[in-house]
Amino acid sequence: MRKKVAVLLPWLKMGGTNKVALRFIKQLIAYCDVTLILSQNKGELFDEVPSGVTVIIDKMQDFKDIFKDDLRGFRLRYLIKDLIYYAKIKFGQDDIDNYRYLVERHSFISEDEFDCAITYHGQSPERLLNLIYRIHAKKKVAWIHGEMSFSKKTCHKMSKYYKTLDHFFFVSNPTMMSFQKMIGVEAGKCTVYYNPIDKTEILYLAEQPMDVVFRKNQYNLLTVGRISSEKGQDMIPQIVSKLLNQGLDVCWYIVGEGDNRKTVEELIEKFKVQDHVRFLGTKINPYSYMKHCDLYVQPSYTEGYSTTICEAGILGKAIIGTKPSGGIRDQITDGKDGLIVDATVNGLTEAVKYLLKNESLRVQFANRILNKNFEGNGEITKFLLYLESDE
């Protein structure tokens, strides 16, 4: 009999975690009945939901509406709690414990009992609490994609919720070790599960035409990912300025959108590199751009396991990653098939300059990275074995 598995995501906007989640679901649907639970009905990746997957949109009621209902019904015991909840928000004391009240004011997302339910954005307090309090499941699991970026106080508060879960899957060994140190979960509840990558699809899509032609008389650099503070795109304008001043004619293309785009745009103007840093926006298919770039750079300040580094590796690109990215050493061997450097303007500038001036090393890195297995073949067995276990 097929097991029933629920996967919780906030939405299906373009992003590495959501793409990987859909690849995982694509593999899982061959063995299990899968329900995808989304908090919002939006995103560019809806067309990639595999057929046969049940989709539930769970849009939580706004607190203001809950409060109005309580007023109309004169629900005194709730009104007092409502005021406490609101006061904590008003006075800067909003935290996971406070958000729990809002979650518990909602009914179960589904009346079905699942064999396993997964919060795939495992570091999200919102997904974590909805998994714990609003899902019927025999096993509850968190998928952890990076280091905990919260304060120690917040991590301490989250730990009591995490410890109610049955198992954890991590995208890399460093990510698992960091989480165990911060949260204190026992090793027996932890499994490293490398992200699934569809090599055949990537190679096919890389052959499709680009809507932007890279300039042949320039070095073309590429970064793909959500434009956010932790991804490091804010360093790109100053790096480009330094490279230009040192005689290297570069154009750095940024694929993706995000909250930090305005900041990056302001820095582009500040360093006067408008003709040398270009935004390409969100791309369902970034692989043709990857294939044709001279160098792929992931300048993240923090990263669990970079999906785009795997994808660039499959396409045989010379790659620069950064030391704070926890899973980077599971992906690149520094100095052998890529470079791992400090997540600083100077560290990245020197690395880019070094590789652009050394074409033979770029070719060497590109050839060697092709020998690595980035597909995550067989990883689905880890989850299926856990699903069938007595844990």
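Being a predicted model, the structure only gives us computed values, none of them experimental.
- At a threshold of 4.0 Å, the pair R105-D82 counts as salt-bridged, since one of the basic side-chain nitrogens sits closer than that to a carboxylate oxygen.
- Side chain to side chain, Y386 and E388 fail the donor-acceptor criterion of an N or O pair below 3.5 Å.
- Note on R72 versus D69: salt bridge recorded, some NZ/NE/NH1/NH2 to OD/OE distance being below 4.0 Å.
- When only modelled atom types and interatomic distance are considered, D234 and Y301 share a side-chain donor-acceptor pair under 3.5 Å.
- In this structure, K139 places its NZ atom where more than 12 heavy-atom neighbours from other residues, nucleotides or ligands lie under 6.0 Å away.
- The existence of a salt bridge linking K160 and D97 is confirmed by a sub-4.0 Å separation between a basic side-chain nitrogen and an acidic carboxylate oxygen.
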Discussion item. Salt bridge (Lys or Arg N to Asp or Glu O under 4.0 Å) for K4 and D115? Distances and angles first, verdict last.
Written reply: CA-CA 5 Å; K4 295 167 66 176; D115 294 288; over 6 Å; no
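- Every residue was checked against the salt bridge (Lys or Arg N to Asp or Glu O under 4.0 Å) condition with K42, not counting sequence neighbours, and none meets it.
- By the 6.0 Å contact criterion, CE on M60 is enclosed, its count of non-hydrogen atoms from other residues, nucleotides or ligands being greater than 12.
- Within the structure, every pair that satisfies the side-chain hydrogen bond (donor to acceptor under 3.5 Å, both in side chains) test and touches residues 345-356, not counting sequence neighbours, is listed here: Q246-K353, E350-K353.
- There is no side-chain donor-acceptor pair under 3.5 Å between T223 and Y296.
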Which donor-acceptor pairs under 3.5 Å do side chains of residues 12-33 form with protein atoms, sequence neighbours excluded?
unit_1	atom_1	unit_2	atom_2	d
N18	OD1	H121	NE2	2.9
N18	ND2	K13	O	2.9
K19	NZ	Y287	OH	2.7
R23	NH1	E311	OE2	3.4
R23	NH2	Y287	OH	3.1
R23	NH2	E311	OE2	3.1
D33	OD1	R2	NE	2.9
D33	OD1	R2	NH2	3.4

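- There is a side-chain donor-acceptor pair under 3.5 Å between H167 and T191.
- Under a cut-off of 6.0 angstrom, the local environment of CZ in F108 is crowded, with over 12 non-hydrogen atoms contributed by other residues, nucleotides or ligands.
- Here the side chains of L387 and K3 are in contact, with some heavy-atom distance below 4.5 Å.
- With respect to the salt-bridge test (charged N to carboxylate O, under 4.0 angstrom), the residues R134 and E104 do not qualify.
- Counting heavy atoms from C-beta on, the side chains of I144 and Q123 come closer than 4.5 Å.
- The side-chain heavy atoms of P125 and F150, taken from C-beta on, include a pair separated by under 4.5 Å.
- In terms of the salt bridge (Lys or Arg N to Asp or Glu O under 4.0 Å) criterion, K270 has no residue partners (sequence neighbours excluded).
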Under 3.5 Å donor-acceptor pairs involving side-chain atoms of residues 258-267, not counting sequence neighbours:
unit_1	atom_1	unit_2	atom_2	d
N260	OD1	T263	OG1	3.4
R261	NE	E265	OE2	2.9
R261	NH1	E257	OE1	3.2
R261	NH1	E257	OE2	2.6
K262	NZ	E266	OE2	2.6

Practice prompt. Go through the steps to decide whether F67 and Y86 satisfy the test ring pair (Phe, Tyr, Trp, His ring centres under 6.0 Å), and finish with yes or no.
Written response: CA-CA 10 Å; F67 183 61; Y86 181 73; 7.8 Å; no
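- Other residues, nucleotides and ligands contribute only 12 or fewer heavy atoms inside 6.0 Å of the CG atom of D47.
- Every residue two or more places apart in sequence or in another chain that forms a salt bridge (Lys or Arg N to Asp or Glu O under 4.0 Å) with K372 is listed here: D337.
- Residues D211 and Y289 bring a donor and an acceptor atom of their side chains to less than 3.5 Å of each other.
- A salt bridge is defined here as a Lys NZ or Arg NE, NH1 or NH2 lying under 4.0 Å from an Asp or Glu carboxylate O, and K157 with D95 meets this definition.
- The side-chain heavy atoms of W11 and N41, taken from C-beta on, include no pair separated by under 4.5 Å.
- Exactly one of Y194, W143, Y120 qualifies for a ring pair (Phe, Tyr, Trp, His ring centres under 6.0 Å) with F169. That residue is W143.
- N173 and T175 form no side-chain donor-acceptor contact under 3.5 Å, judged by distance and modelled atom types alone.
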